[in-house]
Amino acid sequence: MDLEKHPAAPAPAPAPAPAGLRASDADRDRIAQILGDALAEGRLTAEEHSERLDTLYAVKTVGELEVLVRDLPVPGGAHAASPSASASSYAGAAAGPAAESIVAVCSSSSRKGRWRPGAHTRAVSVMGDITIDLTQAVFEQQVTEINVTSVLGNVEILVPENVTLRGYGSGVLGNFDVRGESRGETDPQAPVVIVRGFSLLGNIEARPKMGARLVDLARKLRKNLDG
């Protein structure tokens, strides 16, 4: 019997995700971040970024996501050969603030002033009121996503007027309204705020606040990417 200790064999690398596999939320989030970095670095124009972001939330498979970043580099210098490669490369990158939840049940809750929103914020309002004011927020990532559920409640989201605002959601006997999605004066280097939500007998509203602007965004975002 061989009693000599041998180092354990390294675990085999996971196989790349099949192109026909249904894309997960994590797959979309990683690709959205790569697109956001490309916008901040000047590799994509604001129009190209907007078009790809719309496509990102419309396609269904990993293979379709691959097309969106095929011509873009991923963190580490390698080109994005596939979404699975992008995911593994980006996993080691510096992450933004931890995700947080904002809940109002027969009550009210708000986030406002000088605060740091995470890359993901979950807001749930059940017969309550939630206000998420990003007009003075310090963004530490290019793409900020807010997932909202409103049941007999009200959720209001305010963003600076030069931030790109996108909305994907619906309402049943309720309202889901994201304004200013295609405003030409948005800053091409500004953060992107994505609001995804569902309203049942409630109200979800996201809009830019006129007169509130984030300044010197290109320098701040590039500093974050380089740091």
Side-chain angles (χ1 to χ4, degrees), residues 10-99 116-121 137-146 162-166 168 181-182 184 186-196 214-227:
L21 187 69
R22 300 278 293 199
S24 68
D25 286 343
D27 293 327
R28 298 182 197 278
D29 292 343
R30 295 185 186 103
I31 299 303
Q33 187 64 59
I34 293 172
L35 294 176
D37 290 348
L39 174 65
E41 294 168 358
R43 299 180 187 275
L44 293 177
T45 66
E47 292 76 17
E48 289 170 332
H49 179 262
S50 178
E51 290 174 1
R52 296 195 190 196
L53 202 61
D54 283 339
T55 304
L56 171 67
Y57 289 97
V59 300
K60 294 181 172 59
T61 68
V62 169
E64 290 170 310
L65 289 180
E66 176 182 352
V67 176
L68 299 177
V69 295
R70 183 173 291 166
D71 59 344
L72 299 175
V74 297
H79 284 275
S82 69
S84 57
S86 302
S88 60
S89 299
Y90 206 83
R116 299 175 185 272
H120 299 274
T121 296
V138 178
F139 291 88
E140 295 187 334
Q141 59 279 327
Q142 176 70 25
V143 179
T144 297
E145 183 171 320
I146 303 174
N162 56 328
V163 163
T164 300
L165 180 62
R166 317 294 291 174
Y168 307 90
E181 290 184 84
S182 301
T186 53
D187 192 322
Q189 302 294 345
V192 177
V193 175
I194 299 171
V195 179
R196 294 202 282 179
L214 293 181
V215 296
D216 204 9
L217 292 165
R219 181 179 65 82
K220 291 181 180 179
L221 287 172
R222 286 197 173 96
K223 182 178 179 180
N224 288 338
L225 291 172
D226 294 340

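Model, not experiment: these values are computed from the prediction.
- Note that CZ of Arg116 is 12.5 Å distant from OG1 of Thr144, once rounded to the nearest 0.5 Å.
- Residue Leu68 comes nearest to Leu56 through the heavy atom pair CD1-CA, 3.7 Å, listed as atom of the first residue, atom of the second, then distance.
- In this structure Thr55 satisfies the side chain to side chain donor-acceptor pair (under 3.5 Å) test with no other residue, sequence neighbours excluded.
- Not one N or O on the side chain of Gln141 forms a donor-acceptor pair closer than 3.5 Å with the backbone of His120.
- Between atom CD of residue Glu48 and atom CG of residue Leu35 there is a gap of 11.0 Å, rounded to the nearest 0.5 Å.
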(message) Pair Leu44, Leu72 - check side chain to side chain contact (heavy atoms under 4.5 Å, CB included), show working.
(response) CA-CA 9 Å; Leu44 293 177; Leu72 299 175; 4.1 Å; yes
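- One distance of note links CG of Leu65 with CZ of Arg30; it measures 11.0 Å at 0.5 Å rounding.
- Checked against salt bridge (charged side-chain N to carboxylate O under 4.0 Å, His left out), Arg28 has no partners two or more places apart in sequence or in another chain.
- Separation of atoms CZ (Arg196) and CZ (Arg166) is listed at 13.5 Å; rounding is to 0.5 Å.
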